[in-house]
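First the structure, in the form of structure tokens, and then the observations on it.
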Amino acid sequence: MKVVISVDMEGVCGIASWVQVSPPEFGGLVNAGEYQTARERMTREAVAAAEGAFAGGATEVLINDSHDTMRNLLPELLPDLPGLRFTSGNDKPLSMVQGVQEPGTGALLFVGYHARAGSPRGPLAHTWNGFIRDVRINGLSTGEYGLNALLAGQYGVPVVFAAGDDIAIAEIQAELGEQVVGVAVKEGLSTFAAVHLHPAEAQRRIRAGAEAGVRAAAQATPYTTRWPAQVQLSFDHQARADQCERVPGVMRVDAVTVAWQSPDAYHLFQTFRLLAKVAEVRLNG
């Protein structure tokens, strides 16, 4: 069985600031040293999940770099194991879950995941970028985890494991079900503070949880919703909705919200990605 690990950075143990997760090449409030440390922690948690997946019965593991520019993983820290591959680069057709479309893929694991936008006490809680306020699918608010799980479900692949902050794990299990083995590596105190496990302990728990999730993957159910789905996307400013309502098939709901209908998860996901890009309008004229 092939397993895909989608690894983000905001939910990694020891992370509680945008400074830590921002690649320094873009300037602004960044610190190359802190970012490099965060890359190492992210890679080590991905390795722990991969080792657990192999122990749980996986024959191949693809680690999909899913944070920001999606070239954060440090390949030299990855174990030299048969069947282990990784992705790099953000221009991927399925973005954060690239690989679930490959024949023989039987499970998707989330590592370093965070809570959805607007979540109280969720460290660095957001959805996709800094200006999306909410995503609702058939009336249910969701985050990156829900969008990614639906897309994986289109290919018959269930989510069986998730690691991140405690708020994210609670949201993921509430939406995707108790079939998702959850490991909270930190307890959210606020958007910019958390109580963390020791990184080594976090990795031990991730390894054990990933193994348990993969062992039970045959009994897991791919995530889905009612199709066609009614989708609403809300922003932090009306100018973003101004741009999006010009896209064919997209309707204006209120000052900051647009809506559309999707026949399946692939259409939903790609429309979401398109509108997130269209909404990148300057707000200062």
Side-chain angles (χ1 to χ4, degrees), residues 3-18 20-21 37-53 55-56 63-67 72 96-97 107-128 140-149 152 158-217 220 223:
V3 169
V4 173
I5 300 172
S6 174
V7 55
D8 206 348
M9 187 180 282
E10 288 89 353
V12 166
C13 180
I15 303 300
S17 169
W18 295 120
Q20 295 173 286
V21 301
T37 298
R39 294 178 71 190
E40 293 176 7
R41 291 174 182 162
M42 174 188 181
T43 304
R44 293 186 191 282
E45 291 195 6
V47 168
E51 291 173 343
I63 301 175
N64 185 31
D65 193 329
S66 300
H67 174 68
N72 310 278
M96 295 179 74
V97 293
L108 174 63
L109 284 63
F110 293 155
V111 173
Y113 267 55
H114 51 81
R116 66 178 178 264
S119 298
R121 296 195 303 106
L124 304 184
H126 68 284
T127 301
W128 210 257
L140 176 67
S141 291
T142 192
E144 294 170 19
Y145 52 82
L147 293 164
N148 291 333
V159 178
V160 301
F161 173 80
D165 64 81
D166 62 328
I167 307 301
I169 300 305
E171 291 180 356
I172 290 169
Q173 291 181 326
E175 182 170 345
L176 306 186
E178 293 299 320
Q179 72 176 21
V180 180
V181 177
V183 170
V185 301
K186 56 189 170 187
E187 177 186 349
L189 297 177
S190 72
T191 303
F192 302 116
V195 179
H196 307 266
L197 297 175
H198 188 283
E201 175 62 18
Q203 292 156 32
R204 282 191 289 269
R205 295 188 187 188
I206 289 171
R207 189 176 295 107
E211 178 178 352
V214 171
R215 285 193 185 281
Y223 186 52

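No experiment lies behind these values; they were computed from the predicted model shown.
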In the structure I gave you, are the side-chain heavy atoms of [X] and [Y] within less than 4.5 Å of one another anywhere?
{"X": "Asn148", "Y": "Phe110", "result": "yes"}
{"X": "Phe161", "Y": "Ile5", "result": "no"}
{"X": "Val7", "Y": "Ile63", "result": "yes"}

Please answer whether the main-chain N or O of [Y] pairs with a side-chain N or O of [X] as donor and acceptor at a distance below 3.5 Å.
{"X": "His196", "Y": "Gly14", "result": "yes"}
{"X": "Asn64", "Y": "Ser66", "result": "no"}
{"X": "Gln173", "Y": "Val180", "result": "yes"}
{"X": "Glu201", "Y": "His198", "result": "no"}
{"X": "Arg121", "Y": "Gly188", "result": "yes"}
{"X": "Arg39", "Y": "Asn72", "result": "yes"}
{"X": "Glu171", "Y": "Arg116", "result": "yes"}

Nearest heavy-atom neighbours spanning [X] and [Y]:
{"X": "Ala202", "Y": "Cys13", "result": "CB-CB, 3.9 Å"}
{"X": "Ala53", "Y": "Val3", "result": "CB-CG1, 4.2 Å"}
{"X": "Gly122", "Y": "Asp165", "result": "CA-OD1, 4.5 Å"}
{"X": "Val159", "Y": "Ala149", "result": "CG2-CB, 3.8 Å"}
{"X": "Gly182", "Y": "Ile169", "result": "CA-CG2, 3.8 Å"}
{"X": "Ala217", "Y": "Ala107", "result": "CB-CB, 4.0 Å"}

About how many Å separate [atom2] of [Y] and [atom1] of [X], when rounded to the nearest 0.5 Å?
{"X": "Asp65", "Y": "Thr43", "atom1": "CG", "atom2": "OG1", "answer": "8.0 Å"}
{"X": "Met42", "Y": "Ile15", "atom1": "CE", "atom2": "CD1", "answer": "10.0 Å"}
{"X": "Leu124", "Y": "Phe192", "atom1": "CG", "atom2": "CZ", "answer": "6.5 Å"}
{"X": "Thr142", "Y": "Tyr223", "atom1": "OG1", "atom2": "OH", "answer": "6.0 Å"}

> Does the side chain to side chain contact (heavy atoms under 4.5 Å, CB included) test come out yes or no for Val185 and Val12, once each step is laid out?
Replying inline: CA-CA 7 Å; Val185 301; Val12 166; over 6 Å; no
> Who passes side chain to side chain contact (heavy atoms under 4.5 Å, CB included) against Ala48, sequence neighbours left out?
Replying inline: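 Counting only residues at least two positions away or on another chain, Ala48 forms a side chain to side chain contact (heavy atoms under 4.5 Å, CB included) with Gln203, Ile206, Arg207.
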>> side chain to side chain contact (heavy atoms under 4.5 Å, CB included), that's the test. Do Leu109 and Val160 meet it? Break it down for me.
In response: CA-CA 6 Å; Leu109 284 63; Val160 301; 3.8 Å; yes
>> Does either side chain, that of Ser6 or that of Tyr113, offer a donor lying less than 3.5 Å from an acceptor on the other one?
In response: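 Per modelled atom types, Ser6 and Tyr113 side chains form a pair under 3.5 Å.
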> Does the pair Met96 and Asp8 meet the rule for a side chain to side chain contact (heavy atoms under 4.5 Å, CB included), with working shown?
Replying inline: CA-CA 8 Å; Met96 295 179 74; Asp8 206 348; 3.8 Å; yes
>> One thing to verify: whether Arg44 and Glu40 come together as a salt bridge, which I'm taking to mean a side-chain N less than 4.0 angstrom from a carboxylate O.
In response: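 Here Glu40 does not pair with Arg44 in a salt bridge, since their nearest N and O are not under 4.0 Å apart.
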>> I'd like to know whether Glu45 forms a salt bridge (Lys or Arg N to Asp or Glu O under 4.0 Å) with Arg41, so could you lay out the CA-CA distance, the side-chain angles of the two residues, the decisive distance to 0.1 Å, and finally the verdict.
In response: CA-CA 6 Å; Glu45 291 195 6; Arg41 291 174 182 162; over 6 Å; no
> Should the pair His114 and His126 be assigned to parallel (<30°), tilted (30 to 60°) or perpendicular (>60°) ring geometry?
Replying inline: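 Judged by the thresholds at 30° and 60°, the geometry between His114 and His126 is parallel.
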